[in-house]
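Order of the sequence lines sets the chain letters (A, B, ...), proteins ahead of strands, with each chain counted from 1.
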Amino acid sequence: MTEPAAVTGPELSRGGPLDPAPRSTGARDRRRAVSDRLRGGDLGLLPVLAGLVVIWVVMQILNPIFLSSANLTNLALESVPVGIIALGVVCVLLVGQIDLSVGSISGLGAAVLAVLFVDRGLPAWLAVVVPLALAGLIGWFYAQVHNRIGVPSFVITLGGLLGFLGVQLWILGPKGSINLPFDSGLVAFAQLQFLPPWLAYALVVAGAAVLYATGAARAAERRRAGLTAPSRRLLAGRSLALLAGLGAAVWYLNRDRGVGWMFVFFLALVLALHYVLSRTSFGKSMYAVGGNMEAARRAGVNVKAVLTTAFVLCATLACVGGVLSASRLAAANQSSGGGDVNLNAIAAAVIGGTSLFGGRGTAFAALLGVLVIQSISSGLTLLNLDSAYRFMVTGGVLLLAVSLDAVARRSRVSHGRA
Amino acid sequence: MSADSLPSPPEGPEGSLLSLRGISKSFGAVAALTDVDLDVAAGQVVALVGDNGAGKSTLVKVLSGVHRPDAGTVGFGAGTVSVSSPATAQRLGIATVFQDLALCENLNVVENLFLGRELRGLRLDEVGMEVRSRALLGELSAKIPSVRVPVAALSGGQRQTVAIARTLLGDPKVIILDEPTAALGVAQTAEVLNLIERLRERGLGVIMVSHNMADVRAVADTVAVLRLGRNNGVFDAATTTASELVAAITGATDNVVSRRAGRDRATDDGTEPAHGTGAAHKGEAS
């Protein structure tokens, strides 16, 4: 989680390609590289982490319940549906497009799930798979309209926002609301199932071990090839920090109900997307399409296929978010996916550091961005302030995040890091 | 080489790698190219010069597969080929670096070099790609601060180097550079010219489109002049003066360039400006 943005790569080796590369970079080199990058305006995830700390401190001062185990357990679970939608939004933003209809698609997914599962009595897995496939089809349709006719994605998905809201209302029919049975696996997954403490700790240890093992293997490979590599101590320090941080978080959450399975599922999706974006050629082509579409085309990247995949991923993840949201609420109704879901998901991606102009951002943006948004929402709810204030504060934070991005971009340009 | 090769073996003169014969191309009523010939041998730098609208860009696009010629043949290696698409050109080994370079500024040097041809797509071989990038840039004596900085952090000359290095990964035989020194500073221009010499040492045929007579005469072996879509002479770069080239480009020995050069020289020497061609010829320094 501490890894910097994939775009700039993990290390900045000084010296030309012909200079013999230093065999390893110690903590001091690493610190200098990081401070260089920060001064250059390459802020990565730092602003959102700082913002999160500030929000948590302020909210805790205003209401001492905020940082209680019970509230944080809830906060983690509540973040998941919008967080997963934001994960999809990161995908479309990365390729320089936008999807304004994620809220409507999530609502439609919830409605289809409820109708199939409750009214038609289909098995749960089928009632989940059908809306997911439907959402994938919607994403594919967006991409076709964009690729073949050339309509900007802003307009296509604005149409989708209205159109699929209509479909959602039509599917729900006159009664407008369908309750999911409490004893179903879906509701249990979203509300009641938590990791047993031993498993949560085991996962934390396994995560830290995997981080160290992969880091050490890569460093050894780089050293064999005569390239710069982080020192073993640095890697161990990173893993221990992760171990301590996540271990403390799990311990704290375990004082209440613990870590929800749904949150683990979200984390797994974030890590999977992170791997795809940073370690596969498909991920690189997504950054390339967002950075310079014409260059990507000439380099032999199948631009249309990349765009199609991004739209399909976004719509599908939006539907996953909708299904989980309905499961958590144990109901699908006319306001599922409505209200602020749409804009919260997009705001989460942007607050997390995803550029609206494409080619910049990471999977962790969705995770951290949604934690910021849900923290504001949860904190203000605890203060008994209604959604009027929540909207205003969230709007202010969004504006702040985008302004910070704009300032950082100017600094990047002046330091030649654009 | 590929399925596009046809059984027609006549090679160009003196073992040309690439030889164009009678290439014509028109867009509607406008004849952009008429009966153009061009030869490039391995290890030879051919400068393609001409005024605006002379057909340089059209010729480059014909060679890179963007346009198909209306008439004429493209001889490549032992046979004639039809360059029907950019992909075909790349498969044949004709690489083009367009003026806009087509680099992704948000990606680093390694990522740009290997974009679209990454090693091990599902688990990127980052070490392998970085090693090959450093080796390639080292062979080109490129001055790049680090292969892990985003391309946005590089100067114009460094970007040109990265763009050229990227085409070399495809192992081309002929490389076409479209205005490689336009918009570059003095030092960066020199870097790029060094790089072109290194391409020649590697045995590549280089076609360099340029407006800059000094650059052309600095690196080119031969200079092919296009004028109004036709050949207007092929000159030996070592023995031809800039004013002769300008004369071929503009189609007149008495032109605005030579008059200007004559006037400047006359003022420098403190002598009367001479009329016509005489003044422009003398003492042309490289």
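The two residues A:Tyr287 and B:Asn106 come nearest to each other via the heavy atoms O-ND2, 3.1 Å.
Proximity to chain A involves both the backbone and the side chain of B:Leu115, based on heavy atoms less than 4.5 angstrom apart. Only the side chain of B:Asp100 comes within less than 4.5 Å of a heavy atom of chain A; its backbone N, CA, C and O stay farther away.
Atom OH of A:Tyr275 has more than 12 neighbouring heavy atoms from other residues, nucleotides or ligands inside a 6.0 Å radius.
Top candidate by heavy-atom pairs under 4.5 Å with chain B, chosen from A:Gly300, A:Ala288, A:Gly358, is A:Ala288. Top candidate by heavy-atom pairs under 4.5 Å with chain A, chosen from B:Val131, B:Leu122, B:Val127, is B:Val127.
For the atom pair B:Met129 CE and A:Lys284 NZ, the distance stands at 7.5 Å (nearest 0.5 Å). Rounding to the nearest 0.5 Å places CZ of B:Arg120 at 11.5 Å from CZ of A:Arg279. Here B:Leu124 contributes atom CG and A:Phe282 contributes atom CZ; the two are 12.5 Å apart, rounded to the nearest 0.5 Å.
Residues B:Arg148 and A:Thr228 fail the side-chain proximity criterion, which asks for heavy atoms closer than 4.5 Å. Side-chain contact between B:Glu126 and A:Glu221: absent, with no pair of heavy atoms (C-beta onward) separated by less than 4.5 Å.
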Under 3.5 Å, side-chain donor or acceptor atoms of residues 185-194 of chain B against the rest of the protein: list the pairs with distances, not counting sequence neighbours.
residue: B:Gln188; atom: OE1; partner: B:Gly157; partner atom: N; Å: 3.3
residue: B:Thr189; atom: OG1; partner: B:Gly185; partner atom: O; Å: 2.6

